[in-house]
Amino acid sequence: MGRSVSVGVIGAGVAGLCAARELKSEGHRVVVFEKGDRIGGTWVYDPRVESDPLSLDSARDIVHGSLYRALRTNLPRQLMGFLDYPFSKRQNGDSRTFPGHEEVLWFLTKFAHDFGLVGLVRFNTEIVRVGRVGERNGEWLVESMTRGSDSVSEVFEAVVVCTGNFVEPHIPALVGIEKWPRYQIHSHNYRVPEQFRGQIDHVCEDGRVAFQDGSSVCADTIFYCTGFKYHYPFLETNGIVTVDENRVGPLYSHVFPPSLAPGLSFIGIPVKGLPFNTIELQSKWIAHVLSGKVFLPKEEEMMASTNDFYRHMQDLGLPKRSTHFLTPYQTGYQNWLCAQIGLPPLENWRYRMYEESIKNIKEIRDGYKDQWDDTYWQGIIKTGSRSASE
């Protein structure tokens, strides 16, 4: 048995729950802080929207959720389970291969109950501040506030940030937008389609939107589907960890800030890949590192590796904002994580299924969810090769 440390986990969504399970299984003492009143994070549907549809007003009441009412998963359920805990179909549930968000929340709730995680969560508790206690003693001060109570400060030996990346909208700067007279909204604040019916099918002189190719439309609404920003307003690291053009860094392998490791770590930052598998493997890696079963390289080596990755991106002409895009190197990244914790590489069928899903999104669009051949893929899973390297 490795050493046991006290760990504060921020967030009770997919990443926070997975982190809690892996940390608990390694014998660590875990407290999970959750701002909402239930587990599930981004998978908790909230019909409310923010008073500012662009989420730019700093005085607005922030709504955590970004789900819209009719949302279904864009990946099949086989890719949204954990290695030892599949997202199976249930009797009287949403049996579709691409289920609605309610089914994902049911799955996460069952996962939390089956592994005894609910008792680790402090609900309605918002993180006010996270910072080091001194410079070298490896302890972290976590200040939190539970609804209706004064703030409380506690000391942990490690903090794992699992707050997700679908809360703070990214709004691009459009020339002339300050003079555009009509409605603007970010997808973060979209829930139902009714309010938009009967708009974008008539021509008018005011409110014309011009595109770079010279075409234009007269629109009732500008709808920003421009993604989200990584946002950690509670985190105080004296400038060690920053968010620069949506690059959270420096982070060794998207998880550990080299000079603050292993006391501070992040789970779930990478996007455009297999999120549940990535989150699970990152969680296992962190839990093993904290228990002393796996050792990180020296700070200088982690920093050199991170800088090499940044230079490689620059040589390829990739912008900083794509730092955490796993495509096209997710296979190597996930199998590297597997190697750190002594697991075999992930099965090849996972990557084949993911690639087919992305292809269908581009070619067939939303209709592909109901054209998916589940029987074919069941056969592939049964007979598929064990690892992506075979």
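The analysis underlying the following values was restricted to heavy atoms, covering all of them including side chains, and did not include hydrogens, waters or symmetry mates. Given the structure is predicted, the values throughout are model-derived calculations rather than measurements. Residues take their numbers from the sequence shown, with the count starting at 1.
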Between side-chain atoms of residues 106-124 and protein atoms elsewhere (two or more places apart, or another chain), which donor-acceptor pairs fall under 3.5 Å?
| from | atom 1 | to | atom 2 | distance (Å) |
| --- | --- | --- | --- | --- |
| Thr109 | OG1 | Leu105 | O | 2.8 |
| Lys110 | NZ | Tyr85 | OH | 3.3 |
| Lys110 | NZ | Asp114 | OD2 | 2.8 |
| Asp114 | OD2 | Tyr85 | OH | 2.6 |
| Arg122 | NH1 | Glu154 | OE1 | 3.2 |
| Arg122 | NH1 | Glu154 | OE2 | 2.6 |
| Arg122 | NH2 | Glu154 | OE1 | 3.0 |
| Asn124 | OD1 | Arg147 | NH1 | 3.2 |
| Asn124 | OD1 | Arg147 | NH2 | 3.0 |

With sequence neighbours left out, the residues meeting salt bridge (Lys or Arg N to Asp or Glu O under 4.0 Å) with Asp150 are none

Test of understanding: with salt bridge (Lys or Arg N to Asp or Glu O under 4.0 Å), list the residues that count as partners of Glu143, not counting sequence neighbours. Arg129

Report the C-alpha separation of Phe266 and Tyr232 in whole Å, then their side-chain angles, then the decisive distance to 0.1 Å, and conclude whether the ring pair (Phe, Tyr, Trp, His ring centres under 6.0 Å) test is met. CA-CA 11 Å; Phe266 296 78; Tyr232 310 103; 5.3 Å; yes

Does [Y] offer a backbone N or O that forms a donor-acceptor pair with the side chain of [X] under 3.5 Å?
{"X": "Gln340", "Y": "Trp285", "value": "no"}
{"X": "Arg3", "Y": "Leu290", "value": "yes"}
{"X": "Asp94", "Y": "Gly100", "value": "yes"}
{"X": "Asn335", "Y": "Leu346", "value": "yes"}
{"X": "Ser305", "Y": "Met302", "value": "no"}
{"X": "Gln330", "Y": "Leu274", "value": "yes"}
{"X": "Arg77", "Y": "Arg96", "value": "yes"}
{"X": "Thr73", "Y": "Leu75", "value": "yes"}
{"X": "Tyr368", "Y": "Asn74", "value": "yes"}
{"X": "Ser322", "Y": "Pro319", "value": "yes"}

Is it possible for you to say whether [X] and [Y] belong to one hydrophobic cluster, with membership spreading through side-chain heavy-atom contacts below 4.5 Å?
{"X": "Val289", "Y": "Trp336", "value": "yes"}
{"X": "Met303", "Y": "Phe295", "value": "no"}
{"X": "Leu343", "Y": "Leu296", "value": "yes"}
{"X": "Leu318", "Y": "Leu326", "value": "yes"}

Among all residues two or more places apart in sequence or in another chain, which pass the ring pair (Phe, Tyr, Trp, His ring centres under 6.0 Å) test with His324? Tyr230, His254

For Trp372, what residues pass the ring pair (Phe, Tyr, Trp, His ring centres under 6.0 Å) criterion, not counting sequence neighbours? Phe98, Trp377

Arg29, Glu26, His28 screened by side chain to side chain donor-acceptor pair (under 3.5 Å) with Ser4, the one that passes: Arg29

Once you round to the nearest 0.5 Å, how far does [atom1] of [X] lie from [atom2] of [Y]?
{"X": "Thr146", "Y": "Glu34", "atom1": "OG1", "atom2": "CD", "value": "11.5 Å"}
{"X": "Asn246", "Y": "His231", "atom1": "CG", "atom2": "NE2", "value": "11.5 Å"}
{"X": "Ser283", "Y": "Leu23", "atom1": "OG", "atom2": "CG", "value": "7.0 Å"}
{"X": "Ser357", "Y": "Lys362", "atom1": "OG", "atom2": "NZ", "value": "12.0 Å"}

Measure across Thr323 and Lys320 and return the closest heavy-atom pair with its distance rounded to 0.1 Å. OG1-O, 2.6 Å

Hydrogens and angles aside, do [X] and [Y] bring a side-chain donor and acceptor to less than 3.5 Å of each other?
{"X": "Tyr252", "Y": "Glu299", "result": "no"}
{"X": "Ser144", "Y": "Thr125", "result": "no"}
{"X": "Asp374", "Y": "Gln78", "result": "yes"}
{"X": "Tyr351", "Y": "Gln334", "result": "yes"}

Any carboxylate oxygen within less than 4.0 angstrom of a Lys/Arg side-chain nitrogen, looking at Arg132 and Glu236? no

Should the pair Glu245-Arg321 be classified as a salt bridge under the 4.0 Å nitrogen-to-oxygen rule? no

Would you please test Arg247 and Asp244 for salt bridge (Lys or Arg N to Asp or Glu O under 4.0 Å) and show each step? CA-CA 5 Å; Arg247 169 186 286 174; Asp244 182 13; over 6 Å; no

For Asp84, what residues pass the side-chain contact (heavy atoms from CB on, under 4.5 Å) criterion, not counting sequence neighbours? Arg21, Phe82, Glu280

As a quick check of understanding, evaluate side-chain contact (heavy atoms from CB on, under 4.5 Å) for Tyr333 and Leu281, giving each step before the final call. CA-CA 10 Å; Tyr333 177 69; Leu281 294 173; over 6 Å; no

Step by step, would you call Thr237 with Leu264 a side-chain contact (heavy atoms from CB on, under 4.5 Å)? CA-CA 10 Å; Thr237 64; Leu264 181 65; 4.2 Å; yes

